[in-house]
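In what follows, a structure is listed as C-alpha cells, so that the remarks can point back to it.
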Amino acid sequence: MEKKRKVSLSGIQPSGKITLGNYLGSIKNWVDIQDSDEFDNRYCVVDLHAITVRQNPDDLREQTYQLFAQLLAAGLDPDKCVLFIQSHVPGHPELSWVLSCFTMFGELSRMTQFKDKSQRHADNVNAGLFTYPVLMAADILIYDADIVPVGEDQRQHVELARDIAIRFNNRFPGSFVVPEAFIPKEGAKIMSLQDPSRKMSKSDSNENAYILVMDSPDDILRKFKRAVTDSDSRVAFSEDKPGVSNLINIYSVATGKTVAQVEAEFEGKGYGAFKPAVAEAVIELLRPLREKSLELLKDRAYLEDVMAKGAQKARDITDAKVMDIYDRLGFVRRR
Ligand code: ATP
Ligand code: LTN
C-alpha cells in the first residue's frame, strides 16, 4: 500500500498588497515544500480572516485576484497542490464553530495578534477578531495538517491549534492530527526598512517601510537607499546594528549567500555600495514574480478556473472531515 504522505497547509490574507516579508517568510517556503515532493500541499487565500478588519469590497476582491496570481507566479502549481480561496470551502467555517466550543476565552485573550490588532483598530474590536485563531485552527485541522509553514509571528496561533486538537482528541480520540509550526531559519522575520525594531508589515502607514512584490525596480532601489541603518558604516551583522543586520538578512536570503560571505563581500566598502547591491538582488529576485503575475492577471477566466478546481478538491477533503467530526459529536447525519 502507498504510504500516506504528510500534509503541509498554510494561508495568507488578501488584506493588502504582499510584501517581501510575506514572500520570504511564507510563500517562498510553500513553493520549496511543494517542490521537495515530500508532502501533500494545501494553500489558501484566507479572505474570511481578512474581514476581521474593515475592507472595501472592491479592493478585497481585486486583492484576492492579485494574491492568487502572485501565488501561481511564485511557483505554486495547481497540479501539485490544492490551491484555493477559503470562502469557497464551507467546511472551514463549519469546523470553526465546532472548535470554538473547544477553545477557552482565556486562551484567546492571550493571543498577541489580538491584543495588537484590538489596539490598532480600537473602534472595531469585533468578535471575529477575537475568534480569528479558531478559524485558523479549523483551516489547519480540517486537512489533518502535519506542518504549517508560517513566519515567526504566527507561532502562537499554531500552538493554539495544537492545544485545541489535543483537547478535542482527549474527548474524541484520533480525531485530528496535532500540527506543528514550520518556521524557516532565514527570512522568518523581515523587519521594517524604516524602523528595524518592527516587522515589515503591509499595513504600515509609511510606504517606505516595506517592499512590495509588485514594486517597480525604481521604487525598490529608492526604498533601500532610504532604509534606516546605523551610525557607523560597517556592513556587519550584530544585535546593536538592527538596520544593517536586516539588510544583510534580506541580501543573504535573496542571493543564497551566508551572512559571513556577505560580510566578507562588503568588508571596507560601506553602505554606499551595500544598499544598491541589496536593492539589485531583490529586484532580480522579484522580477520574474512581478512579470508573471501581471501576465496572469490579464486572464481572469483562467484564474477563476484554477480557483474553482482548487475549491472542488478542497471540498472533497473537507466535506468528509466535517461529516466525521459531526458523527463523533452526535449530530444526526444530513443526507
Ligand atoms: P498585516 O500587516 O495586514 O498584519 P502581514 O504582512 O503580517 O499582514 P499576513 O497575511 O498576516 O501578513 O501574513 C502572511 C504570512 O507572511 C504569514 O505566514 C506571516 O508569518 C508571514 N509574514 C508576515 N510578515 C512577515 C515578515 N515581516 N517577515 C517574515 N514573514 C512575515
Ligand atoms: N493568521 C495567518 C493567516 C492564516 C493561516 C491559516 C496561516 C489563516 N489561516 C492557516 C497558516 C495556516 C496570518 O495572519 N498570517
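Counting convention: from 1, in listed order, for ligands and their atoms alike.
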Open item on the list: Could you tell me, atom by atom, which parts of ligand 1 come under 4.0 Å of a heavy atom of K117?
Closed with: 4 (O)
TODO: Select one of side chain, backbone, both or neither to describe which atoms of Q86 lie under 4.0 Å from any atom of ligand 2, heavy atoms only.
DONE: neither
Task: ligand 1 atoms in contact with S203 (distance to a heavy atom under 4.0 Å) - done: 1 (P), 2 (O), 3 (O)
Open item on the list: Between D153 and Q113, is there a side-chain donor-acceptor contact under 3.5 Å, judged purely by atom types and distance?
Closed with: no
Open item on the list: At less than 4.0 angstrom from any non-hydrogen atom of H49, what atoms of ligand 2 do you find?
Closed with: 8 (C), 9 (N)
Open item on the list: Between K241 and R234 (side chain of the first, backbone of the second, donor and acceptor by atom type, cut-off under 3.5 Å), is there such a pair?
Closed with: yes
Task: Per-atom contacts, ligand 2 versus V148 - under 4.0 Å to a heavy atom - done: 11 (C), 12 (C)
- [ ] Under 4.0 Å, heavy atoms only, figure out whether ligand 1 is touched by the backbone of S15, its side chain, both or neither.
- [x] side chain
TODO: Give the residue and atom name of whichever protein heavy atom lies nearest to atom 9 (N) of ligand 2, and the separation in Å to one decimal.
DONE: D139 OD2, 2.7 Å
Open item on the list: If the cut-off is 4.0 Å to any non-hydrogen atom of M200, which atoms of ligand 1 fall inside it?
Closed with: 24 (N), 26 (C), 27 (N)
Task: Atom indices of ligand 2 within 4.0 angstrom of S10 heavy atoms, with elements - done: 7 (C), 11 (C), 12 (C)
Task: Contact with ligand 1 for G16, non-hydrogen, under 4.0 angstrom - done: no
TODO: Output the list of atoms in ligand 1 that are nearer than 4.0 Å to some heavy atom of Q154, sorted by atom number.
DONE: 20 (O)
Task: Donor-acceptor under 3.5 Å (Q34 side chain, D77 main chain) - done: yes
Open item on the list: Once you restrict to heavy atoms under 4.0 Å, what part of V150 touches ligand 2? Side chain, backbone, both or neither.
Closed with: side chain
Open item on the list: Are any of the N/O atoms on K199, whether in the backbone or the side chain, positioned under 3.5 angstrom from an N/O atom of ligand 1?
Closed with: yes
- [ ] Taking only heavy atoms of L9 into account, list the atoms of ligand 2 that are under 4.0 Å away from them.
- [x] 10 (C), 12 (C)
Task: Part of I140 within contact of ligand 2 (heavy atoms, under 4.0 Å) - done: side chain
Task: ligand 1 contact by I12, heavy-atom criterion under 4.0 angstrom - done: yes
Task: Per-atom contacts, ligand 2 versus V46 - under 4.0 Å to a heavy atom - done: 8 (C), 9 (N)
Task: Polar side-chain atom of K202 near backbone of K17 as donor-acceptor pair, under 3.5 Å - done: no
TODO: Please work out whether the ring planes of F130 and F114 are parallel, tilted or perpendicular, with thresholds of 30° and 60°.
DONE: perpendicular
TODO: Determine the interplanar angle of the Y326 and F331 rings, folded into 0 to 90°, and report it as parallel if under 30°, tilted if 30 to 60°, perpendicular if over 60°.
DONE: perpendicular
Task: Any N/O pair G151/ligand 1 closer than 3.5 Å - done: yes
Open item on the list: Please report whether ligand 1 has a polar contact with V150, defined as an N or O pair separated by less than 3.5 Å (distance criterion only).
Closed with: no
- [ ] Output the list of atoms in ligand 2 that are nearer than 4.0 Å to some heavy atom of Q13, sorted by atom number.
- [x] 14 (O)
Task: Mutual orientation of the aromatic rings belonging to Y143 and F84 [parallel < 30°, tilted 30-60°, perpendicular > 60°] - done: tilted
Open item on the list: For ligand 1, which is the ligand I care about here, please tell me if R120 has any N or O atom under 3.5 Å from one of the ligand's N or O atoms.
Closed with: no
TODO: Answer yes or no: are there more than 12 heavy-atom neighbours, outside K313 itself, under 6.0 Å from its atom NZ?
DONE: yes
Open item on the list: Assess the residue pair D32 and K28 against the criterion (salt bridge (Lys or Arg N to Asp or Glu O under 4.0 Å)); give the C-alpha distance rounded to whole Å, side-chain angles, the decisive distance to 0.1 Å, and a yes or no.
Closed with: CA-CA 6 Å; D32 290 346; K28 182 171 177 293; 3.7 Å; yes
- [ ] Please say whether more than 12 non-hydrogen atoms of neighbouring residues, nucleotides or ligands are located less than 6.0 Å from CZ in R198.
- [x] no
- [ ] Using distance alone, with no hydrogens and no angle criterion, decide if N22 and T19 have a side-chain donor and acceptor under 3.5 Å apart.
- [x] yes
TODO: May I ask you to check whether N124 and N126 show a side-chain donor-acceptor distance below 3.5 Å?
DONE: yes
Open item on the list: Please list the nearest protein heavy atom to atom 1 (N) of ligand 2 with its residue and the distance rounded to 0.1 Å.
Closed with: Y132 OH, 2.7 Å
TODO: Could you tell me whether a side-chain N or O of D144 sits under 3.5 Å from a main-chain N or O of V7, the two making a donor and an acceptor?
DONE: no
TODO: Enumerate the atoms of ligand 1 whose separation from the nearest heavy atom of Q13 is less than 4.0 angstrom.
DONE: 10 (O), 11 (O)
Task: Distance-only N or O hit between ligand 1 and E152, under 3.5 Å - done: no
Task: Pair S216, D218: side-chain N/O donor-acceptor within cut-off below 3.5 Å - done: no
Task: Short N or O distance, M191 and ligand 1, threshold 3.5 Å exclusive - done: no
Open item on the list: I'd like to check whether T19 has a polar contact with ligand 1, where a contact means an N/O of the residue lying under 3.5 Å from an N/O of the ligand.
Closed with: no
TODO: Classify the contact between K202 and ligand 1 as side chain, backbone, both or neither, using a heavy-atom distance cut-off of under 4.0 Å.
DONE: both
- [ ] Heavy-atom contacts with G25 under 4.0 Å: which atoms of ligand 1 show up? List them by number with element.
- [x] 29 (C), 30 (N)
Open item on the list: Using a 6.0 Å cut-off, check whether atom CD of E267 has over 12 heavy atoms from anything other than its own residue.
Closed with: no
Open item on the list: Is it the case that the side chains of Q13 and Q63 hold a donor-acceptor pair, with the cut-off being a distance below 3.5 Å and no angle test?
Closed with: no
